[in-house]
**Student:** 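Below you will find the structure I want to go over with you.
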Amino acid sequence: MNRLSFLDDTAPSAARRLLGCYIKRHVDGQTITARIVETEAYDATDAASHSFKGETKRTKVMFGPAGYLYVYFTYGMHYCCNIVVGSEGYGAAVLIRAVEPVEGKDYMEKRRGKSGVQATNGPAKVCQAMNIDIADNGTDLINGAVQLVEQPEVEESKITTTSRIGISAAKQTPWRFYITDNPYVSRK
DNA sequence: AGCGGGATTTTCT
DNA sequence: GAAAATCCCGCTT
């Protein structure tokens with residue numbers, strides 16, 4: 001087992017557990033670190049998930065083992081990144097919807113052309129800020145240019161659970177999680 | 001503060 | 001050919 005064994009869990013459990021963890025990005029000769037503050041869970045039983053209708057070329061990474069990065073392109077101009085969770089062969093992942101800059105805040109604000117919470121309070125904003133695109137799809141989160149660093153679990157009492165944003169199917173499923181009162185959360 | 005539309009292209013039917 | 005796990009800007013209250 002590796003240090004990311006906590007990802008081998010159901011998508012909603014892993015999504016809760018990922019709150020507070022760090023994403024480290026190695027790019028342009030520097031290290032960028034961000035704390036995950038908002039997530040959404042998707043799995044194969046879920047009509048809103050890319051994996052719902054089975055594996056395709058696009059969702060191949062989702063069906064692989066946990067601990068890899070799943071990046072997809074959408075709306076003709078945006079990338080969103082997910083952390084693959086659960087068993088190999090089962091399509092599940094957790095969307096990173098918002099992060100709080102820990103290291104390299106200037107780099108992120110410069111790439112975004114925005115400052116403060118506007119730099120990283122949305123899934124496509126996170127990717128733009130951290131310079132993540134389709135070339136990073138399938139990255140190993142232990143050894144790759146994008147890494148996941150486990151942090152102490154966020155207390156259940158500090159986590160808010162809601163329905164997900166921006167989907168048309170399974171709108172009621174309460175699989176969105178965020179750190180209550182964190183200013184970088186995309187929306188209440 | 002809230003609503004509505006436009007941008008822009010990959011992916012799957 | 002339509003939809004898309006979004007963002008930004010402008011217009012109206």
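Side chains are part of it too, since the values below use all heavy atoms of this structure and drop only hydrogens, waters and symmetry mates. Per chain, numbering begins at 1; letters A, B, ... match sequence-line order. If you're wondering where the values come from, they're calculated on a predicted model, not measured in any experiment.
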**Student:** Taking a pair as Watson-Crick or G-U wobble with both distances under 3.5 Å, which nucleotide is matched to C:dA5?
**Tutor:**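 No nucleotide pairs with C:dA5.
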
**Student:** One thing to verify: whether A:Glu150 and A:Arg17 come together as a salt bridge, which I'm taking to mean a side-chain N less than 4.0 angstrom from a carboxylate O.
**Tutor:**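 Yes, A:Arg17 and A:Glu150 are salt-bridged.
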
**Student:** Separation of A:Lys188 atom NZ from B:dG2 atom C1', in whole Å?
**Tutor:**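 The distance from NZ of A:Lys188 to C1' of B:dG2 comes to 19 Å, rounded to the nearest Å.
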
**Student:** In terms of side-chain geometry, is the basic nitrogen of A:Asp46 or A:Arg164 positioned less than 4.0 Å from the acidic oxygen of its partner?
**Tutor:**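 Salt bridge between A:Asp46 and A:Arg164, a charged N being under 4.0 Å from a carboxylate O: yes.
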
**Student:** C:dA5, C:dC9, B:dT10: which one has an atom nearest the side-chain heavy atoms of A:Arg58?
**Tutor:**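 Within the option list, the nearest is C:dA5.
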
**Student:** Between C:dA5 atom P and A:Glu40 atom CD, what is the distance in whole Å?
**Tutor:**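 Nearest whole value for this atom pair: 11 Å.
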
**Student:** To the nearest Å, how far apart are A:Met77 CE and B:dG6 C1'?
**Tutor:**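 The distance from CE of A:Met77 to C1' of B:dG6 comes to 8 Å, rounded to the nearest Å.
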
**Student:** When we call it a touch if two heavy atoms are under 4.0 Å apart, what does A:Ala124 touch: a base, just sugar-phosphate, or nothing?
**Tutor:**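 Answer is sugar-phosphate: A:Ala124 comes under 4.0 Å of backbone atoms only.
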
**Student:** For the side chain of A:Arg112, counting heavy atoms from C-beta on, which of B:dT13, C:dA5, C:dC8 is nearest?
**Tutor:**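 The answer is C:dC8.
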
**Student:** Could you tell me whether the phosphate oxygens of C:dA5, OP1 or OP2, come under 4.0 Å of any side-chain nitrogen or oxygen in A:Lys171?
**Tutor:**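 No, no such contact exists.
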
**Student:** From B:dT9, C:dC7, B:dC12, pick the nucleotide closest to the side chain of A:His78?
**Tutor:**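 It is C:dC7.
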
**Student:** Please determine, for the side chain of A:Lys114, which listed nucleotide (C:dC9, B:dT13, C:dA5) has the closest atom?
**Tutor:**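 Looking only at heavy atoms from C-beta outward on A:Lys114, the closest nucleotide is C:dC9.
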
**Student:** With a 6.0 Å cut-off on ring centres, are A:Tyr72 and A:Tyr70 close enough?
**Tutor:**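 Close enough - the centres of the two rings lie under 6.0 Å apart.
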
**Student:** Among C:dA4, C:dT6, B:dT10, which nucleotide has an atom closest to any side-chain atom of A:Phe73?
**Tutor:**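 Comparing C:dA4, C:dT6, B:dT10 against the side chain of A:Phe73, the answer is B:dT10.
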
**Student:** For the residue pair A:Asp28 / A:Tyr107, report whether a side-chain donor-acceptor contact shorter than 3.5 Å exists.
**Tutor:**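 Yes, side-chain donor-acceptor contact under 3.5 Å.
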
**Student:** So, is A:Thr74 close to the C:dT6 phosphate, meaning a side-chain N or O under 4.0 Å from OP1 or OP2?
**Tutor:**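 So the side-chain polar atoms of A:Thr74 never come under 4.0 Å of the phosphate oxygens OP1 or OP2 of C:dT6.
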
**Student:** In whole angstroms, how far is the C1' atom of C:dA5 from the CG atom of A:Leu69?
**Tutor:**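 Spelled out: CG on A:Leu69 to C1' on C:dA5 is 15 Å.
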
**Student:** Roughly how far, to the nearest 0.5 Å, is CD of A:Glu38 from CG of A:Asn182?
**Tutor:**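 One gets 9.5 Å once the value is rounded to the nearest 0.5 Å.
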
**Student:** Is there a donor on the side chain of A:Tyr75 or the base of B:dA7 sitting less than 3.5 Å from an acceptor on the other?
**Tutor:**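 Answer is no: no donor-acceptor pair is held.
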
